[in-house]
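Computed from a predicted structure; not experimentally measured. A note on names: the letters A, B, ... follow the listed sequences, proteins ahead of strands, and every chain is numbered from 1.
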Amino acid sequence: MSTPRLPLRPQELVPVRPWYQHAVFYEVFLRGFYDANNDGIGDIPGLHEKLDYLEWLGVDAVWLLPFYPSPMRDGGYDISDFFNVSPDYGTLADLTSLLDDAHRRGIRFVADLVMNHTSDTHPWFIESRSSRDNPKADWYVWNDDDQRWPEARIVFSDVERSNWTWDDTRQQYYWHRFYSHQPDLNYENPEVAEAMIEAVKFWLEIGFDGFRLDAAPYLFQRDGTAGEHLPETHEFIKRLRKEMDASYPGRVLLAEANGWPADVADYFGDGDECHLCFHFPLMPRLFMAVRKEQRSPITEILSQTPEIPPGCQWAIFLRNHDELTLEQVSEEERDYLFSEYAKDDRMKRHMGIGRRLAPLLDGDRRLAELLYALVLSLPGSPVIYYGDELLMGDNIYLGDRDSVRTPMQWSPDRNGGFSKADFAQLYLPPVMDAVYGADAVNVEAQYRNPGSFLHWLRRMLVQRRAMPVLGVGAMEMVACPNPSVLAYVRSGEVADAPVGITNPWGPGGPPPVPLRGSPWEQAPATSTVVPVHGPEPGTTGLRSQVVLCVHNLSRFAQPAELSLARWAGSTPVEVLGRVRFPTITDAPYTISLGPYGYLWFELVGPDGEPGG
Amino acid sequence: MTNAMLEIDGARRRALEPLVVAWLARRGVGGVGRLEILEAEVLRPGRPGLLDVVASVDGRTAHLVLGLHPPGAEVRTLRGVDDGVLGGFADEAGPAVAVDALFDADLAPLVVVAIVGEPVAVASIAADDDRATVLDAEDRLSLSVFPWPTEGPHPAVDMLVGLDEAGFNHLAAPLALWRRRGRDLGVAQELLTEAADGWAVARTSLRDLYGAGGSPEEAGGDFADEARALGTMAARLHLASERAFGRRSASVADWASEVEARVKDQAPALARSEPFRQSLASLRERTERAAAVRTHGDLHLGRTARSNQGWVVADWLPGGADSAGEPRYCCPLSDVGDMLWSLRHVAGVALEERDQALRPGLEGAARAWVDRNRRAFLAGYLATPGISELVPTDGELVEQLLVAFELGEAAAKVGAGLAR
């Protein structure tokens, strides 16, 4: 007999955390995800076909890399039309259909938006360069010489010699912070700002749940500065946020601002700028810590990470579509990371390393699990790069960052199941080596194998849903004499069920994996799916949650003597198996961790309530 | 603090003396001859109560914090203590069960509150020996209580505070001094929760090297950057020490004699060896004088910790003082010699723990690790701006001093049974 649930009393009604503070994001490179029309290029209908997979995996939101018309000289980050879909990928109708279906499943979509620059084939630039007095003459940044703003660094210094490039037609130099075929827009011109806001509204109207703002720090330039993180840039983003909040509540802005945490935190404003910012400096330090087998690189950067305003969140990740950037490390650290992770010069890209997660880790699954355990439990919303849930490989012989943009490996079939096009038609060759090729690494095989990395990650995502404190809880380091052990407690008040996020399996976790039947098991009827748009219900019940996370950064087994006296009397319950460990006392709490081992515990008080 | 000092009359003396004797016995001090209760301060009246007692025990000054439970109350001890009860006691609040409050799960937090003034719910024992009992409180601060305080300022506290005020930030900042009638009874410091012991960090590097083979510079756990940073920290310590405590001039030959005496006393076999005698003989012939500053006195890896702010000196209890408690002014290279020996020692200890059959193959790696990290430490030390003012400019003399001081440190550790 079930107990009828009593209505909540008013004093038990509390605001629900916004969805993006709990969400797990999945980054999709559309061109390489799935090719539905067999022309060799991934497309929107292809992604639509794979929504079942994403729902099964348990991601909350998809970050979609640029899908706009583009000459594709920089992976689509060279946009030639802000108001359309590249014909390579499908139509606006295809996109609308995809978003509608995703929303029905409780999956949100965030679009990559390049506001800083366009392709040099964009009609705006073609018009702007045509003369010095055309209507769009000032839509880009022009100058008679190439000496202005010498303080601005050259981002792609291995390719570009200057941030200025001469234009023969206009007989002037134009400004570009990235490739010379990507002229920067001139945000001093109000018409440019208006045009970009118009583009933003266009895509929000189509149904996107927000934007990842590419190259956010560079929108403005000013004499005597490096042209990054300028107040004018923040003012523009605040304006954008205000316009979004007014007409499209619940949508988000995610800043790509590669900088020191204290600088990047400025992009949160007072909670009135971006909702999320990538935490770039954390990522290389995760890799450094496991090679040094010491926690200090991680604890150092966390200690330098400022508090962020309520309603904001860091986005944390292991790998993405770019190189593993080493801009935010010291020279010594960069040398160290190159020597450890890029032993072949061909692995280096710009100021970073163009490799995927698995090859970086020499294919060590234990290490991959450890790093994911960290990303899923450190403060922030995790972002998973497509294919990394399989531990896909890369191809360092491909140019620029194409090394990590090879086709998704769906099956051992032709072209790794990505496309039925002829091999020569493919936008890039799939990885075909013996270790990481589609014969060895693919979704189909891992889906059928409950012991696969794919299933492990899926279980971890389920577990993370059950512990919303990992998204928003406070973090306290736990003292441990062993420098190879990183332990922390996440604690806070959490909603019973985060509203707006699917929790398809309920508290019992996912059902057993079928080995035959429908390709993707659908969420059972108990699933709690709510509309993702419109105002959130806003209130639900609260409870305390305390989670202890312990990680062994060493490839050797380690003891962990943890100072947990604060939680004396609580019992750690291991979250995956619900195994009760001995009760904590004021004495150091000793546990053993296998090589690259991790343990997550929920701390439960004597009364069964969360400890702490 | 404005707590009440108890008048030590005959009755009070008779009540406290057995408790002090019991406390001494717990610390392994038996056969007490002359015992005198010098002072007693009420840190917390009533029950549970706290009474801080200073006594003279055969010429030494002992310091204990008595906890007073009401009769019948459950006594819960912190780890490592089977029975914290010292005996019975009675005062105006009535009879009580007296315990060592620092080891009492309920009273240890009250001691921290009484000294630091901050509310603390939980405390745990982080360390306990004859130098100090260290309580960690809620991962926020640590309170070191000295069981054997010195008359006048405690050298370690004196050095800690002096260096902190001189801008040396490679330390856990002092938060509060517990000082009464000129005696330092304890000190509260910021707790560096995430810090890891320097010895353990070096062992992590060696574990990686011995596990992977190859050269130390190619190993993932290469320690050279850390060793360099340690060298910088040591140099900054000496520069800050000069600012805080001044600089003296000392005879190089005198340092040679001091080392010789130390080695003869603690490692006679080493003192008789020809290489040792030769190295000291050449030093004794030097006629120049050089700068002396107040040094740490025992700066090895185990005294340091790697924190989020970089390397820190975690243990100041040598206090830069000699055995009589007087500030010890010496060549700053004496601390450098200590650390050079420590870098050699840790590699050897890690090697000895490996299977005997594997050791020959690892000896080369160990030597390479020691060479690389000693070089890195020295490079970090000598490259620190300003340090050239404190160390001799004669490279040969520097080398001779380092050899001598390292041998002296080795002898001291052999003498203390900490090395072979």
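Within the 4.5 angstrom heavy-atom criterion, no atom of B:Arg203 approaches chain A. For a residue to count as touching a neighbouring chain, one of its non-hydrogen atoms must lie under 4.5 Å from one of that chain's; by this rule B:Ala200 touches chain A with backbone and side chain alike. Heavy atoms of B:Glu217 lying under 4.5 Å from chain A are absent altogether. Proximity to chain B (any heavy atom under 4.5 Å) is shown, for A:Ser339, by neither the backbone nor the side chain. Only the backbone of A:Val478 comes within less than 4.5 Å of a heavy atom of chain B; no side-chain atom from C-beta onward does. Residue B:Ala219 touches chain A through its backbone alone, counting heavy-atom pairs closer than 4.5 Å. Neither the backbone nor the side chain of B:Ala202 comes within less than 4.5 Å of any heavy atom of chain A. When heavy atoms are compared at a cutoff of 4.5 Å, B:Ala137 does not approach chain A at all. Looking at B:Asp208, the atoms closer than 4.5 Å to chain A (heavy atoms on both sides) sit in the backbone and in the side chain alike. Contact annotation for A:Tyr488: neither backbone nor side-chain heavy atoms come within less than 4.5 Å of a heavy atom of chain B.
Side-chain contact between A:Pro481 and B:Asp197: absent, with no pair of heavy atoms (C-beta onward) separated by less than 4.5 Å. The side-chain heavy atoms of B:Gln309 and A:Gln304, taken from C-beta on, include no pair separated by under 4.5 Å.
The choice from A:Gln558, A:Arg555, A:Lys292 that makes the most heavy-atom pairs within less than 4.5 Å of chain B is A:Arg555. Ranked by non-hydrogen atom pairs under 4.5 Å with chain B, the options A:Met288, A:Glu332, A:Gln294 are led by A:Gln294. Most heavy-atom pairs under 4.5 Å with chain A: of the set B:Arg306, B:Arg76, B:Glu138, this distinction falls to B:Arg306. Ranked by heavy-atom pairs shorter than 4.5 Å toward chain A, the options B:Asp222, B:Asp225, B:Val201 are led by B:Val201. Considering only heavy-atom pairs separated by less than 4.5 Å from chain A, the leading option among B:Gly310, B:Gly221, B:Ala105 is B:Gly221.
The pair B:Glu218-A:Lys343 does not count as a salt bridge, with every side-chain nitrogen at least 4.0 angstrom from each carboxylate oxygen. Look at A:Glu293 and B:Arg207 and you find a salt bridge, because one of the NZ, NE, NH1 or NH2 atoms lies within 4.0 Å of a carboxylate O, short of that distance.
One distance of note links CD of B:Glu194 with CD1 of A:Ile298; it measures 12.5 Å at 0.5 Å rounding.
Across all their heavy atoms, B:Ala196 and A:Arg295 have their closest contact at CB-NH2, 3.6 Å. Residues B:Thr204 and A:Pro483 share a closest heavy-atom pair of OG1-CG, 3.4 Å.
Side chain to side chain, A:Asp586 and B:Ser124 fail the donor-acceptor criterion of an N or O pair below 3.5 Å.
Looking only at distances, no side-chain donor or acceptor of B:Asn308 sits under 3.5 Å from a matching main-chain atom of A:Ser303.
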